[in-house]
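Notes follow the structure.
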Amino acid sequence: MSAQTLAEFRALWVDDDDVTLELMAALLNRLEVGHVATVNQAAKAVDLLIRAAPPYDVAFCDIYMPDMDGMELIQELGKHRYTGALIFVTSAKPEMFDLLHAFADAYDLNLRAVLNKPVSIDRLREILHTLAEWSSQ
C-alpha cells in the first residue's frame with residue numbers, strides 16, 4: 001500500500017466521545033490518510049456522508065451513539081444510497097457483528113468490518129490496507 005493511495009483517502013470518524021475522536025484522528029493522520037474529519041453526532045455524520053463532495057471513502061462509526069444507534073445509522077445511509085465503505089467500531093459482543101453485517105447487506109451498504117474498541121494503530125493500518133485494495137478493484 002503506498003502513502004499516495006492513503007493520501008487520497010477521505011475518512012470520517014463518528015463517535016460521541018471527543019477524546020476518542022481526537023485519538024482516532026491522530027492515528028489516521030499518523031497513517032497519512034489525506035483527509036480526516038470527525039463528528040460527534042450520528043445525524044451530522046449522515047448529513048456529511050450523503051452531501052460531501054468529493055464523497056468520503058470510509059466512515060468509521062461507533063455503534064452506540066446517543067442520537068442514533070448503528071441499526072438506525074444503517075437505515076439512514078441505506079435510504080440515501082451511501083456507497084462508501086462503512087466500518088463500525090464498538091465494544092459490543094461479537095454476536096452483534098453478524099447482525100450488523102446482515103442488516104447492512106439488506107440496505108446494500110459496504111460494511112467492510114466491525115472493529116473492537118480500543119482500536120490499535122496496527123489494526124487500523126490493516127483495515128486501511130484492505131480498503132485501499134478494495135477501492136482499487
Side-chain angles (χ1 to χ4, degrees):
M1 171 177 57
S2 70
Q4 184 70 22
T5 301
L6 286 183
E8 296 170 0
F9 260 63
R10 292 176 48 80
L12 178 67
W13 201 289
V14 186
D15 199 299
D16 59 315
D17 181 69
D18 290 335
V19 173
T20 298
L21 289 177
E22 287 180 36
L23 177 62
M24 294 299 104
L27 288 179
L28 289 171
N29 285 322
R30 186 171 165 195
L31 292 170
E32 300 180 354
V33 172
H35 176 83
V36 177
T38 61
V39 65
N40 63 4
Q41 293 179 350
K44 286 182 183 177
V46 169
D47 189 54
L48 281 172
L49 290 170
I50 63 173
R51 298 185 196 296
Y56 285 94
D57 299 297
V58 60
F60 294 88
C61 302
D62 185 13
I63 291 177
Y64 299 114
M65 302 275 293
D67 64 326
M68 187 182 302
D69 67 25
M71 299 300 186
E72 293 168 317
L73 182 67
I74 287 171
Q75 289 175 319
E76 286 301 309
L77 291 176
K79 278 191 239 178
H80 296 287
R81 302 182 200 279
Y82 173 67
T83 59
L86 181 62
I87 297 175
F88 279 116
V89 184
T90 185
S91 54
K93 295 184 179 181
E95 300 85 55
M96 181 72 150
F97 297 7
D98 289 338
L99 179 61
L100 287 166
H101 280 284
F103 207 63
D105 285 347
Y107 281 90
D108 201 27
L109 294 176
N110 296 316
L111 179 57
R112 305 306 295 174
V114 180
L115 302 178
N116 284 318
K117 285 183 177 180
V119 178
S120 71
I121 192 166
D122 291 333
R123 183 68 175 122
L124 197 53
R125 182 182 293 113
E126 178 185 326
I127 289 293
L128 290 169
H129 177 72
T130 301
L131 287 174
E133 288 176 3
W134 174 69
S135 67
S136 67
Q137 295 175 0

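This chain uses plain numbering: 1 for the first residue, then up along the sequence.
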Going hydrophobic residue to hydrophobic residue with side-chain gaps under 4.5 angstrom, can you get from L48 over to L73?
-> yes

Output the distance between atom CG (D47) and atom NE2 (H80), rounded to the nearest 0.5 Å.
-> 8.5 Å

Please list every donor-acceptor pair under 3.5 Å in which a side-chain atom of residues 84-91 meets a protein atom from a residue at least two apart or in another chain.
unit_1, atom_1, unit_2, atom_2, d
T90, OG1, A92, N, 2.8

Quick one: OG1 on T38 to NZ on K44, what's the gap to the nearest 0.5 Å?
-> 10.5 Å

Report yes or no: do L77 and V114 belong to one cluster of Ile/Leu/Val/Met/Phe/Trp/Tyr joined by side chain heavy-atom distances under 4.5 Å?
-> yes

Under 4.0 Å between a Lys/Arg side-chain N and an Asp/Glu carboxylate O for D17 and K117?
-> no

Look up atom CD in E133 and atom CG in L128, then write down how far apart they are to the nearest 0.5 Å.
-> 11.5 Å

Do the side chains of V58 and L28 join up, straight or via other hydrophobic residues, at under 4.5 Å, putting them in one cluster?
-> yes

Minimum heavy-atom separation for I63 to L100, with atom names?
-> CD1-CD1, 3.1 Å

Could you check if a side-chain atom of T83 sits within less than 4.5 angstrom of a side-chain atom of P55, using non-hydrogen atoms only?
-> no

Under 3.5 Å donor-acceptor, T20 side chain and D16 backbone | no

State plainly whether one hydrophobic cluster holds both Y56 and I74, where clusters connect Ile, Leu, Val, Met, Phe, Trp and Tyr through side-chain heavy atoms under 4.5 angstrom apart.
-> yes

Heavy-atom neighbours of R123 CZ exceed 12 at 6.0 Å | yes

What closest approach, in Å, do A42 and M68 show between heavy atoms, and which atom pair accounts for it?
-> CB-CB, 3.6 Å

Would you check if Y82 and E76 make a side-chain contact, meaning some heavy-atom pair closer than 4.5 Å?
-> no

When every non-hydrogen atom of D67 is compared with those of A43, the smallest separation belongs to OD2-N, 3.0 Å

Less than 4.5 Å apart, any side-chain heavy atom of D57 and any of L131?
-> no

Value rounded to 0.5 Å, distance of CG in N40 from CE in M65 = 6.5 Å

For the pair F60 and W13, name the ring-plane relationship: parallel under 30°, tilted 30 to 60°, perpendicular over 60°.
-> parallel

Check whether any side-chain heavy atom of D15 lies under 4.5 Å from a side-chain heavy atom of M24, and answer yes or no.
-> no

With distance as the sole test, does D62 use its side chain to make a donor-acceptor pair with the main-chain N or O of V14 at under 3.5 Å?
-> no

Find out whether M71 and L99 are in side-chain contact, i.e. whether some heavy atom of one side chain is under 4.5 Å from a heavy atom of the other.
-> yes

Does one hydrophobic cluster hold both V119 and F9, with members joined at side-chain heavy-atom distances below 4.5 Å?
-> yes

Where the side chain of E22 meets the backbone of V19, is there a donor-acceptor pair that is under 3.5 Å apart?
-> no

Which distance, rounded to the nearest 0.5 Å, do you find between the NE2 of H101 and the CE of M96?
-> 11.5 Å

Spell out, as yes or no, whether a donor-acceptor pair under 3.5 Å connects the side chain of R10 to the backbone of P54.
-> yes

Are there more than 12 heavy atoms of other residues, nucleotides or ligands under 6.0 Å from atom CG of N116?
-> yes

Looking at residues at least two apart in the chain, or sitting in another chain, which of them share a side-chain contact (heavy atoms from CB on, under 4.5 Å) with D122?
-> S120, R125

